[in-house]
Structures are given as C-alpha cells and as structure tokens.
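Quick note on labels: first sequence line is chain A, next is B, and so on, each numbered from 1.
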Protein chains: 2
Amino acid sequence: MNNINEKSTYHHGDLRETLLIVATKMLQESGIKEVSLRKLASRVGVSRTAPYHHFKDKNALLCGMAEKGFEQLHQINKCGYEDKELSIREHFYRFIHDYIQFAHNNPDLYELMFGRTIWKDKSSTQELRDSAYPCFQFQVAMTQEWQKKGLFNVDDNALRASQVLWGTVHGIAKLFIDGIYTDNSKIDEICDYAVSMFLTNAKQ
Amino acid sequence: MNNINEKSTYHHGDLRETLLIVATKMLQESGIKEVSLRKLASRVGVSRTAPYHHFKDKNALLCGMAEKGFEQLHQINKCGYEDKELSIREHFYRFIHDYIQFAHNNPDLYELMFGRTIWKDKSSTQELRDSAYPCFQFQVAMTQEWQKKGLFNVDDNALRASQVLWGTVHGIAKLFIDGIYTDNSKIDEICDYAVSMFLTNAKQ
DNA sequence: AACCAAAGTTGACACTGTCAAGTTAAGGTG
DNA sequence: CACCTTAACTTGACAGTGTCAACTTTGGTT
C-alpha cells in the first residue's frame, strides 16, 4: 500500500475509493462529458480496465458517485430540520434555500444524481437506491410535519404536498443548473418568492 | 428530387428536413443515446458526413430538433390560453396539466429541449434561442395576466411568479421523465394538488 | 459550353466503453 | 518454508462515436 517509499505500485490498495474521489473531482472540474473511464484511470495512474474490478461498468461508477451525493444532501436536510431554534416557517424557508444552494454549488453532481442516465432503464444500483430513498423519505416526513402544523392550506396529503414541493425546488434548481435561468444573482430572490407563494395564507 | 421514379439519388433534395424528422423519430423510439450521426445518416440512406453540409455539428442538429419542440410547446400554451370559454382558474389549471402532459408524451424531446447539453457552454444556436425565448415569454405574459387578476396573493412581480411557477411544472415533469417519480398514474393527481397549493386563497 | 458552388462521398484520426486472455502479488494452508 | 488460490491489475483487441480533409458529382448560372 502507500507507505513512504511508495513501493509496490502494482496493487493500489484502495482503488475503489480513489476512483470515486477522483472521478467526482473530474466531474466538478470539467463536467460529466469529461469523465471517461480511460482518463480517470490514467489520472489515477492505473490501466484502462483496472476500474472494472471495482465497478461492473461505467454506470456503476456513476451510481457510486451519486450515492455519495445523496448522503451529502440528506445530511444538509437533516441539519436544517434539526435546528431547534427555528420556527416552522423558518424551517421551510431554510429547506428551500439550502436545497437549491446545494444544487447550485454542485451542479454536475446534482445533474448526475437526478438525471435519467442513472434512473431510467432500471440502471440504478441497489446501493444507490439504498442511499437515495432515505433522502427522499426524509423530505416527505418533513413535509408531513409542516402540514400537520398548518403550513399549507390543502388536504392532509403529505405525499402529494411533498411531491409538489420537491418538484418546485428541483425545477428551479435545474433551470439554473442547465443554464436556462442565467442570472445567478437572483437565486435567493426566487427562493424567497417561492416560499411566499406557498405560505401566503399559512396558519402559522 | 423525389419524383415517382426516384431518379438521381445523389442529391437528396430535402436532406436537412429529413434529418430532423428521422432524428426526432429515433429520439422518440430509443432515446437520446441511440441518436448518432452515423446511424441517422445510414437510416436516411446517405453517407456519414453528409449531415455536415446542413448542420455545423451534432449539437446544431440537436438544437434544430429542440427548436421544433419549442414551437410545439408554444402552440399548446397558446391554445389553452386563448380558449375564451374558460375561467382564469381553469386557464391556470389547464396550463399546468397541458405542460406536464406534453413533457410526459415527449420525454426524450423534453429532456433535450431543456437539458444542459444544449444550453450550457453557450452551445445553443441563435435559431434555437429565437424559437425558445418567445415560448418562455409567453409563459411570463400569462402569469402576469393571472397575477393582475388576483390569482396569487403575492407582490405583483410577474417575472418571479412565473419563474417559480415554471420551476414547479418543470420540476414535476422532470421527476417523472427521469424515472424518479415512477407511478405515472398519479400525474393528474399531482397536477391537481399543485394547482390547489397555489390557489387555495386566490381572490377569484 | 464552361464553370462554380452546393451537396454528397471516402479515408482517416482520436477518442470512447468493454471484453478476453494473460500477469502479478497478497494471503491463507499444508 | 513452499504452495496455490484468487483478487487485482495489465495489454491487446473490437466496435462504435464525432469530425476533419480531400475528392467527386451535380444543378443552375453566365
């Protein structure tokens, strides 16, 4: 393994993890189009096909990267929600802002996490689903709590409310990320407006 | 040209249009990944590089396809809005349903129209922008009208309202299209819920 | 009739993901 | 210690991609 004298370069030691890290770095640096197995391998200093001993194919590697993204996002949601000093409205406000900020800070990763590359055609790995579903469910749970406390004036259907809410943040995030909304300085303003559109008549 | 005896196969006659049509068909049949210039050319019965005389590169072809998509979508929006028999609430309802239905009926085309492939890195062609912007602007204009008539209880900022609204429909559409919301039978229900989340306290 | 520009062709290059077959070395067993 | 299984890694190969350069065909204009 990697001791000081870097002997024995044949076996890398922790190639799987290294691949994930470097691939994610490449993703952030130059976008998904620049992430190729060959470039990745060469950058890690290993032969073209070495990654195949750790990932079934390129798709599996991408799923692995997305997996970590969902853990991050889940963590962010949790942090905001568990801040006991905030009111309900503030929790709601923070969820929207934090979510879109995460997407904005990690555009290519976000794109990967929610893109059809990974989800369509049943190409998502079990591990990816195991990491993504809890993240989704947490959002539903939060919405349920907000709804119970009267934040939205609609039927008590937490799943539907959460789907619409998530749709909104996801949509705004994607329109920015994909370069359709181009004025990044307006992100916060749009988030504010979204909050007020949902909450104008909330009981609390 | 293509007369009955199909003489003179060397010059196709209307290759540009044919390429757009066949490429869009391929897109709908098997998804963006199956759309390659070489397969397209061979399917049209022309050599690999013939398309380059009508499109600068693959990106330009994709932009051309998206262009037509925006014309369609614009048309759909117009139709709904100009139906004089509907109330304002019904117009709003119809916009949301029609929009998401369009995306659902043309998932790969929608993906292409709004994906970063086309919009990021300044890779959108002028023609694409000329076809997309009026479509966007029409949505802003509709929102402005709705807002004037008191459909939303927030400041009279039509641009912001429209951005949030569009975010919502775009997000819901994408979550379905990309395979994250998987139960297609719930599309209408979610749309209904979205409508009610925005309108619970509208003046009209 | 001559010619030009547009449209279409073939050959080539660098790049991609992935498979098959061979090589290296680390770890457990006798 | 020697042995051997097996995971990790390598090289060679193949089919597929977008795109460029150089060539050929053709229709329309002068």
Side-chain angles (χ1 to χ4, degrees), chain A residues 1-3 5-23 26-27 30-65 112 115-118 120-121 123 125, chain B residues 1-3 5-23 26-27 29-66 112 115-118 120-121 123 125:
Chain A
M1 330 291 175
N2 275 349
N3 63 11
N5 300 322
E6 58 191 41
K7 67 165 183 181
S8 161
T9 57
Y10 193 91
H11 282 103
H12 182 281
D14 196 8
L15 185 53
R16 196 194 133 95
E17 200 59 22
T18 309
L19 286 170
L20 283 175
I21 292 168
V22 176
M26 288 172 74
L27 180 72
S30 358
I32 189 74
K33 234 193 156 180
E34 293 299 306
V35 178
S36 87
L37 284 182
R38 292 168 105 109
K39 265 187 254 174
L40 171 60
S42 117
R43 185 153 155 185
V44 169
V46 93
S47 83
R48 299 158 260 146
T49 55
Y52 282 89
H53 292 265
H54 301 273
F55 299 96
K56 184 180 150 283
D57 52 19
K58 188 180 184 184
N59 181 68
L61 172 76
L62 296 179
C63 285
M65 295 161 68
L112 177 64
R116 65 181 4 203
T117 324
I118 277 185
K120 264 289 164 181
D121 309 322
S123 48
T125 61
Chain B
M1 330 287 180
N2 273 347
N3 63 11
N5 299 322
E6 57 193 40
K7 66 165 182 181
S8 158
T9 56
Y10 193 92
H11 282 104
H12 182 282
D14 196 7
L15 185 53
R16 196 194 133 95
E17 199 60 21
T18 308
L19 286 170
L20 283 175
I21 292 169
V22 175
M26 289 171 74
L27 180 73
E29 281 169 2
S30 358
I32 189 75
K33 233 192 155 180
E34 293 298 309
V35 178
S36 86
L37 284 182
R38 293 168 105 108
K39 265 187 254 172
L40 171 61
S42 118
R43 184 151 154 186
V44 170
V46 94
S47 83
R48 298 158 261 146
T49 55
Y52 282 89
H53 291 266
H54 300 274
F55 298 97
K56 183 180 151 284
D57 52 19
K58 188 180 183 183
N59 180 69
L61 173 75
L62 297 178
C63 285
M65 295 161 69
L112 177 63
R116 65 180 5 203
T117 324
I118 278 186
K120 264 286 166 185
D121 309 322
S123 49
T125 60

Inset, instruction - Kindly compute the distance separating CZ (B/Arg116) from NZ (A/Lys33), expressed to the nearest 0.5 Å. - result: 12.5 Å

Inset, instruction - Choose from D/dT10, C/dG8, D/dT19 the nucleotide whose nearest atom is closest to any side-chain atom of B/Leu37. - result: D/dT19

Inset, instruction - Rounded to the nearest angstrom, tell me the gap between atom NZ in A/Lys33 and atom P in D/dT17. - result: 14 Å

Inset, instruction - Could you tell me whether the side chain of B/Asp121 and the main chain of B/Ser123 form a donor-acceptor pair under 3.5 Å? - result: no

Legend entry - Euclidean distance, atom CG of residue A/Leu15 to atom C1' of D/dA7 [Å, nearest integer]: 12 Å

Inset, instruction - Quickly work out the A/Asp14 CG to D/dA8 P distance and round it to whole Å. - result: 11 Å

Inset, instruction - On DNA chain D, check which nucleotide each of A/Ala50 and A/Arg38 is closest to and give me the residue with the more 5' one. - result: A/Ala50

Legend entry - Below 4.0 Å: OP1/OP2 of C/dG8 and any side-chain N or O of B/His54: yes

Legend entry - Euclidean distance, atom CG of residue B/Leu40 to atom P of D/dT19 [Å, nearest integer]: 13 Å

Legend entry - Atom-to-atom span, NZ of A/Lys58 to C1' of D/dT17 - whole angstrom: 12 Å

Legend entry - D/dT19 OP1/OP2 closer than 4.0 Å to side-chain N/O of B/Thr49: no

Inset, instruction - Could you check how far CG of B/Leu61 sits from P of D/dT17, rounded to whole Å? - result: 14 Å

Inset, instruction - Quick one: label B/Ser47 by what it contacts on the DNA or RNA (base, sugar-phosphate, nothing), any heavy atom closer than 4.0 Å. - result: base

Inset, instruction - Take atom NE2 of A/His53 and atom P of C/dT24, then tell me their distance rounded to the nearest Å. - result: 15 Å

Inset, instruction - Step by step, work out the side-chain contact (heavy atoms from CB on, under 4.5 Å) result for B/Ile32 and B/Thr117. - result: CA-CA 11 Å; B/Ile32 189 75; B/Thr117 324; over 6 Å; no

Legend entry - Cationic N near anionic O, under 4.0 Å, B/Glu29 to B/Arg43: yes

Legend entry - B/Met65 vs B/Leu20 side-chain heavy atoms within contact, under 4.5 Å: yes

Inset, instruction - Describe the nucleic acid contact of B/Lys39 in one word from base, sugar-phosphate, nothing, applying a heavy-atom distance below 4.0 Å. - result: sugar-phosphate

Inset, instruction - Whole angstrom is fine here: how far is it from CZ in A/Phe55 over to P in C/dG17? - result: 14 Å

Legend entry - Donor/acceptor link under 3.5 angstrom from B/Arg48 side chain onto base of C/dG8: no

